[in-house]
Amino acid sequence: MATLRFQALAEVMKRRPKMVSLPSLKVSDYYGEMVFGKETMARYLSSEAYKAVNSAREKGAPIDRKVASSIASGMKAWAIEKGATHYTHWFQPLTDGTAEKHDGFIDFGDDGNIIEAFSGKLLAQQEPDASSFPSGGIRQTFEARGYTAWDVSSPAFVVGTTLCIPTVFISYTGEALDYKTPLLKALAAVDKAAVGVCQYFDKNVTKVHTNLGWEQEYFLIDTALYQARPDLVLTGRTLMGHSSSKDQQLDDHYFGSIPERVTQFMIELEIEAHKLGIPVKTRHNEVAPNQFELAPIFEEANLANDHNQLIMDVMKRVARHHKFEILFHEKPFAGINGSGKHNNWSMGTNTGVNLLGPGKNPKGNLQFLTFIANVMAAVYKNQDLLRASILSSTNSHRLGANEAPPAIISIFLGSQISATFQNLAEKITDQKMSPEEKTAIKLGIGRIPEILLDNTDRNRTSPFAFTGNRFEFRAVGSQANNAAAITALNAALSVQLKSFKKDVDALIEKGVKKDEAIFQMIKKLYLESKNIHFDGDGYSDEWVVEAEKRGLTNITSVPESLLKYLEPAAMKSLVKSGVMTEKELEARVEVELEKFTMKVQIEARVLGDLAINHIVPTAIRYQTLLIENVKGMRDIFSEAEFKSLTESRLELIKEISGNISSIKAKVHDMIEERKQCNIIEDATEKAFAYNEKVRPYLEDVRLHIDKLELIIDDEMWPLPKYRELLFTK
Ligand code: ADP
Ligand code: MG
C-alpha cells in the first residue's frame with residue numbers, strides 16, 4: 001500500500017485551480033454588505049435607537065434596556081434578510097483565535113407558535129459557560145460565570161448563517177478574560193493623555209484615536225500534504241524535515257507571479273473580506289516559498305484588530321475551498337523565513353492630524369517631534385513589556401533567527417529624524433533662548449516635511465521602525481492577537497505622555513515659555529532614551545554586542561520574558577494607566593505561562609510519537625533491506641570481493657543503527673523529563689522547567705530524524721518532505 005505521503009502527492013498532481021466567479025458588481029457596491037454599519041443602521045433602526053448607538057460609539061454613553069430592545073429588533077430584521085438563523089456573541093478569549101456559541105433565533109411566541117426572537121438583553125449581555133476558557137485562576141471553576149458584553153464600537157456582522165456581535169469577555173467579578181477589554185482601555189488611556197499634550201498645540205483637539213494597519217503573513221500548503229503531516233496538523237509547525245536543496249536562496253518567490261491556484265484563493269478571500277467590510281488591499285508573495293502576505297487599509301485599532309481576528313477565520317475557511325491549509329504559525333519550517341504580522345501604528349486627532357506624521361508648519365512639526373520623542377521614551381522604558389507582549393512559544397522560533405528581528409527591542413528613526421533630534425539636542429539649552437536661537441530651531445524643524453518626502457530610508461531589520469508617518473512594530477507574531485502588543489504600546493505611551501505633560505507644565509509654572517519648555521523636554525527625552533535608537537542592521541552579530549554595551553535587554557526565553565509583565569516598569573505602564581489591575585495582569589501571565597507549557601508539551605508528545613511510530617519503523621525496514629542485500633552478496637561473491645563491495649553498505653547500516661539508537665534514547669529521556677516537569681504545580685516553575693529541560697530535546701531528536709531522511713529510500717519515507725510541502729502549487 002502506498003504511504004499517505006504518496007497518496008497525497010498523487011492527489012496534488014490532479015489539482016486544478018478552482019476558478020472563482022467574479023461578482024458582477026463593483027467592490028464599492030457590495031463592500032460591507034454583511035455588516036450592520038452606520039448606513040444600514042440608519043435604515044433599520046428608529047432614529048432614537050440610531051442616535052443611541054452613535055453616542056455610545058462616540059462618547060461611550062450607556063444604552064438603556066428599552067433602546068437596546070429596539071436596536072436588537074432592527075438588527076434581527078436585517079440579519080434575517082441576510083440569511084442568518086442564529087446569533088452569537090463573538091469574543092477573543094486568551095486562547096488563540098475567537099470564540100462563539102451559536103444560538104438560534106428560534107423561540108416560542110406567547111401563544112406557543114414558533115417565532116424568531118432576539119431581545120435587547122440577549123444583544124447586550126450573555127453568560128456563556130466560560131469555565132473552560134483560560135482565566136489564570138481568576139475564576140474558579142465552581143464560579144464559572146463570565147459574561148460577554150456588546151462592544152458598540154465594533155459593528156455586528158453576518159458570517160454564513162450567523163449574526164456575530166463583537167463583545168468583551170469579563171469575569172463575574174469584573175476582571176478582563178479577553179484581549180479586547182484591555183485594548184479598549186489602553187486606547188482610551190492614550191486618547192486622554194494624547195489630547196492633553198495636543199492641547200499645547202491646538203485647543204480644538206478633543207479626541208485622539210489609534211490606527212492600526214496589520215500585514216498578515218502566512219503559508220499555504222496543499223490540504224492532502226498537510227493531512228499527511230501530523231506535526232503540522234497538531235502543532236502548526238514541522239517538527240522534523242530536512243531542508244530542501246532549493247528553498248529561498250534565489251529570492252525568486254518574493255514579489256514573483258502568484259500561482260493560479262493561489263490567485264483564485266486570494267480573489268475569493270478578497271470578495272469575502274470586502275463583503276465583511278474588511279478593507280484588504282494588498283496581496284503578494286513573501287520571501288519563503290509558498291509564503292504570502294495580505295494587508296488592508298489601516299483602520300481604528302479596535303476595529304482593525306477585530307478585522308484581523310475575523311479574517312484569520314475567513315482565510316482558513318476560504319483556503320479549504322481551494323484545497324489549501326493556512327499556516328499562521330510563526331515558524332512552520334526550520335531554515336526558511338517565518339511569518340510575522342507587522343503592526344503599522346499611528347495616532348490621529350479629531351482635527352485630522354496624524355500625530356506621527358510631519359506637520360505642515362514648524363508648530364505641527366514640533367508636535368510631531370514631541371510625539372516621536374515620547375514614543376521613543378516609552379519604548380525605551382518598556383522594552384521588556386513590549387517583548388513580553390509579543391513573545392510566545394511559537395514566535396520565539398522566529399525572533400532572533402536570521403530573517404527576523406532579534407529579541408532586542410530597538411527603534412529605527414531614519415537618518416533625517418535622527419539628525420533633527422541631534423540638532424535639537426545640540427542647540428537647545430536650559431538657558432532662556434534668544435529670538436534668533438528660537439528662529440533657527442524652528443527653521444530646522446520646518447524643513448522636516450520636505451526632507452521626509454524624499455526619505456526612502458527603510459530598515460527591514462528593526463523590530464520597531466519609523467516609516468514616515470507611522471511606526472511599524474514588526475516583532476508581532478503572525479498568529480498573535482495584535483491586541484496584546486497594541487495594549488502594551490498604548491498603555492506605555494499614555495503613561496509617558498502624562499509624565500511629559502506634567503514636566504512641561506512644571507516648567508511653565510516656573511516661568512519658562514511653553515515652546516521652550518517643550519523643546520527642553522524633547523531634548524531630555526531624546527538624550528535619556530537615545531540608547532534604544534538604532535538604525536543599523538538589527539540582524540547583525542555586532543548589534544547584539546553593541547546592545548549589551550548599551551544596557552538593552554536581550555531575552556529569548558519565553559517564561560523569563562513573560563515574567564517581565566510583573567516587574568515595576570511594566571506594572572507602571574499597565575496598572576498605572578488603569579488598563580489592567582494587578583490581579584488581571586498576574587492572571588494573564590499565568591495563562592500565558594500555561595499556554596507556553598502546554599504547547600511545548602504537545603510538541604514533545606507529537607515528536608515522540610512520530611519518531612517512534614513513523615520514523616524508527618521505517619528506518620528499521622530500510623535497514624533490514626540492506627542487511628538482506630548484504631547477506632545475498634555474501635552468497636554470490638568471493639570473500640575478498642564481498643568485503644570491498646559491501647563496505648559502504650555496512651557503514652550505512654551502522655549509521656542507521658546509530659541514529660535509531662539515538663532517537664530511542666533521546667525520546668526516552670525526553671519523556672522522563674516531561675514526567676518530572678509534570679509533577680511541578682507552580683505555573684512559573686513548570687514553564688521554566690519545560691523550557692530548559694524538555695524543549696531542547698525537540699532539536700536533539702529532530703537532528704537524527706533529519707539525518708535519516710537523507711539516507712533512507714525516498715519511496716519508504718512516510719512524511720511529505722520540505723520540497724513537497726513548499727514547492728507543490
Ligand atoms: P509595507 O509592506 O511597505 O510596509 P504595506 O502596504 O504592505 O506596506 O502595508 C502598510 C500598512 O500600513 C497598510 O495596512 C497601511 O494601510 C498601513 N498604514 C499606512 N499609513 C498608516 C498610518 N499612518 N497609520 C497606520 N497604518 C498605516
Ligand atoms: Mg510594512
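Indexing begins at 1, ligand by ligand and atom by atom, following the structure's order. What you see below is based on every heavy atom in this structure, not just the backbone, and it leaves out hydrogens, waters and symmetry mates.
- Interface atoms of ligand 1 facing I297, defined by a heavy-atom separation under 4.0 Å, are 16 (O).
- Between L212 and ligand 1, not a single N/O pair is under 3.5 Å apart.
- Ligand 1 is never approached by H284 to a heavy-atom distance shorter than 4.0 Å.
- Annotation: side-chain contact (heavy atoms from CB on, under 4.5 Å) contacts of A194 (sequence neighbours excluded): V208, F371, L497.
- Proximity of T467 to ligand 1, defined as any heavy-atom pair under 4.0 Å, is not found for any part of the residue.
- In E293, the part holding a heavy atom less than 4.0 Å from any atom of ligand 1 is the side chain.
- Inclusion of N344 in the set of residues having an N or O under 3.5 Å from an N or O of ligand 1 is warranted.
- Using bins of under 30°, 30° to 60° and over 60° for the plane-to-plane angle, the ring pair Y30/H274 lands in the tilted bin.
- No hydrogens or angles considered: nothing links the side chains of Q291 and N285 as a donor-acceptor pair under 3.5 Å.
- Within the structure, ring pair (Phe, Tyr, Trp, His ring centres under 6.0 Å) pairs that include any residue of residues 471-498 comprise F464-F471, F464-F473, F466-F471 (at least two apart or interchain).
- Nearest to atom 10 (C) of ligand 1 by heavy atom, out of R460, R470, E299, is R470.
- The shortest separation from a heavy atom of E472 to ligand 1 is under 4.0 Å, placing the residue in contact.
- Counting the atoms of ligand 1 from 1 in the order shown, those under 4.0 Å from a heavy atom of N469 are 20 (N), 23 (N).
- Within ligand 1, counting atoms from 1 as listed, the ones closer than 4.0 Å to a heavy atom of E215 are 1 (P), 2 (O), 4 (O), 7 (O), 9 (O), 10 (C).
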Applying side-chain contact (heavy atoms from CB on, under 4.5 Å), run through I336 and L726 and close with a yes or a no. CA-CA 10 Å; I336 57 171; L726 290 170; 3.6 Å; yes
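- Side-chain contact between V158 and F36 is absent, with no heavy atoms from C-beta onward closer than 4.5 Å.
- Looking at ligand 1, you won't find any N or O of W345 less than 3.5 Å from one of its N or O atoms.
- Between H397 and E330, the side chains place no donor N or O within less than 3.5 Å of an acceptor N or O (distance only, hydrogens not considered).
- D151 and T167 are not linked by any side-chain donor-acceptor pair at a separation below 3.5 angstrom, with hydrogens and angles left out of the test.
- Atoms of ligand 1 lying under 4.0 Å from at least one heavy atom of N354, given by number and element, are 23 (N).
- The main-chain N or O of T553 is found under 3.5 Å from a side-chain atom of Q383 such that the two form a donor-acceptor pair.
- The contact set between ligand 1 and G213, taken as ligand atoms under 4.0 Å from a residue heavy atom, comprises 14 (O), 26 (N).
- Evaluated by nearest non-hydrogen atom to atom 14 (O) of ligand 1, the leading choice among A301, P296, A295, G357 is P296.
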